Protein chains: 2
Amino acid sequence: MSTSDNLKLIQQQVEKIGIVCDKDGFPPLAGRLLGFMILAEPPHKTFDEIVAFLNASKSAVSNTLKFLENQKMIDYTTFPGDRKRYFRLSVENWSNVLIDKMVWLKAMQEQLTIALKIRTEENPEFNEGLRNIIELYEIVIEEMPLIIEKWKKRIIKRKQINIENE
Amino acid sequence: MSTSDNLKLIQQQVEKIGIVCDKDGFPPLAGRLLGFMILAEPPHKTFDEIVAFLNASKSAVSNTLKFLENQKMIDYTTFPGDRKRYFRLSVENWSNVLIDKMVWLKAMQEQLTIALKIRTEENPEFNEGLRNIIELYEIVIEEMPLIIEKWKKRIIKRKQINIENE
DNA sequence: TTTTTAGTTCTGCAAATAAAGAACTAAAAA
DNA sequence: TTTTTAGTTCTTTATTTGCAGAACTAAAAA
């Protein structure tokens, strides 16, 4: 496969990732920028490289980078004697993305709990249903950290196997 | 507590739920309409009642109802000899809301998997990190139905206890 | 048959969002 | 000290979204 064929493939995949992100309500450039970072080879890219690939303005890229940093999806490193930032996918801390969603879920759960307290006792079946919804949120909030722990343990295990096989 | 005090409390709580929903990217009216359905007493409300409470136009309410139906957050029942729709929170099927989010997660996981295949072998550590992210998504997609099952069992158990105590 | 009801869809406007390009800033290089 | 670099912030413009009100539709009631 030629280099230009591969570039086309990368561009297509960036667009596809962009579309999936759009469906989750990401701002338009954010999904494509995220896609670029997922496909980036090598994984860290400078501001200018991102601007060039996306064919977007510096301001749009600057704002979108900030957005993705807030989402904890990307971060950057710097090197001594080099003023450039090297952005990359927060590949080592991706679980933070999920944890942030749990923060929202917790906020929602709290407001639902207050709502339930405000309700009268006149519709006990509905109240019971609402209580169940709150409990579903609670279970998810409780279980997600366990799932993440499970995942982290698997990673460590696999890492050790990789080291042994070297 | 007087009826008007309670109305004020309800209105305040509807706004709070609206704000939490806004933060998740809901359209402006959607969060408040959802909030109203959460606090609605009795739980089913007609189109006109919703319009009156929200102080919004019929068109805005119509579109927002459709949006929340798509999200599987509300539904409606009708009664013979009554043309009105009685909307209410989909209190019995709330887990569908989470299941729909898993559909998105699955789509994302698939695109990440394709992305990983496109990548070269030149950055094995990053590839490993990306593989781990994909696995995290897989675990969540796998575990969420189990969490929902666990929750449903708890509900059934509690229901039986309630029946016994009657 | 005409009128009322219960919404939906269309039209136009207002507000919010997104992007480009210019102006700016702070650090490093010349 | 001036210039370049690496971005950020501000300004303007274009696009999108959200909403109100009017026009419309389909069923039921009169």
Side-chain angles (χ1 to χ4, degrees), chain A residues 11 14-15 17-37 40 42-71 73-88, chain B residues 14-15 17-37 40 42 44-71 73-88:
Chain A
Q11 282 172 333
V14 165
E15 293 306 317
I17 291 170
I19 288 167
V20 174
C21 290
D22 282 353
K23 288 189 183 158
D24 198 41
F26 276 50
L29 245 190
R32 295 197 309 132
L33 175 26
L34 184 66
F36 179 53
M37 299 317 289
H44 20 54
K45 293 290 174 193
T46 66
F47 188 86
D48 284 337
E49 285 171 324
I50 296 167
V51 167
F53 181 89
L54 294 179
N55 216 330
S57 67
K58 289 202 297 169
S59 57
V61 169
S62 177
N63 289 323
T64 305
L65 283 171
K66 199 179 284 169
F67 171 83
L68 289 173
E69 284 175 60
N70 283 339
Q71 303 292 311
M73 289 177 163
I74 62 166
D75 52 33
Y76 62 86
T77 29
T78 52
F79 297 100
D82 184 351
R83 199 143 60 88
K84 284 196 188 82
R85 290 173 194 169
Y86 292 83
F87 295 94
R88 57 179 257 153
Chain B
V14 166
E15 293 306 318
I17 291 170
I19 288 167
V20 173
C21 290
D22 283 353
K23 288 188 183 158
D24 198 41
F26 276 51
L29 246 190
R32 295 175 47 231
L33 175 28
L34 183 67
F36 179 54
M37 300 316 290
H44 21 52
K45 294 290 175 194
T46 65
F47 187 85
D48 284 338
E49 286 171 324
I50 296 167
V51 167
F53 181 89
L54 294 179
N55 216 331
S57 68
K58 289 202 296 170
S59 57
V61 169
S62 177
N63 289 322
T64 305
L65 283 171
K66 198 178 286 170
F67 171 83
L68 289 173
E69 284 175 61
N70 284 339
Q71 303 294 308
M73 289 177 165
I74 63 167
D75 51 34
Y76 63 85
T77 29
T78 52
F79 298 99
D82 184 351
R83 200 141 60 87
K84 284 196 188 83
R85 288 174 194 169
Y86 292 83
F87 295 94
R88 59 178 256 152

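Throughout, protein chains are lettered first and strands after them, A, B, ... in sequence-line order, and every chain is numbered starting at 1. On a predicted model such as this, the values are computed, not experimentally measured, just so you know.
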Integer-rounded Å distance: D/dG7 P and A/F47 CZ: 7 Å
Per B/K84 side chain, nearest of listed nucleotides D/dT8, C/dA6, C/dT8: C/dA6
B/F79 and B/H44 aromatic ring geometry - parallel, tilted or perpendicular at 30°/60° bounds: perpendicular
Value rounded to 0.5 Å, distance of CD in A/Q11 from CZ in A/R32: 9.5 Å
Spacing of A/I50 atom CD1 relative to D/dT8 atom P, expressed in whole Å: 10 Å
Minimum side-chain heavy-atom gap A/L68-A/F87 below 4.5 Å: no
Single hit among A/T64, A/L33, A/L65 for side chain to side chain contact (heavy atoms under 4.5 Å, CB included) with A/I74: A/L65
Under 3.5 Å on both distances, the Watson-Crick or G-U partner of C/dC10: D/dG21
Rounded distance in Å - NZ (B/K66) to P (D/dG18): 14 Å
Under 4.0 Å protein heavy-atom contact, by nucleotide of nucleotides 19-30 of chain D - B base, S sugar-phosphate only: SBB----BBS--
Base-pairing mate for C/dA26 - Watson-Crick or G-U, with both contacts under 3.5 Å: D/dT5
Rounded distance [0.5 Å steps], CZ in B/F47 versus NZ in B/K58: 6.5 Å
A/L65 CG to C/dA18 P, straight-line distance once rounded to whole Å: 15 Å
Any side-chain heavy-atom pair of A/Y86 and A/T46 under 4.5 Å: yes
Residue mapping more 5' on DNA chain C - nearest nucleotide basis, A/F26 or B/Y86: B/Y86
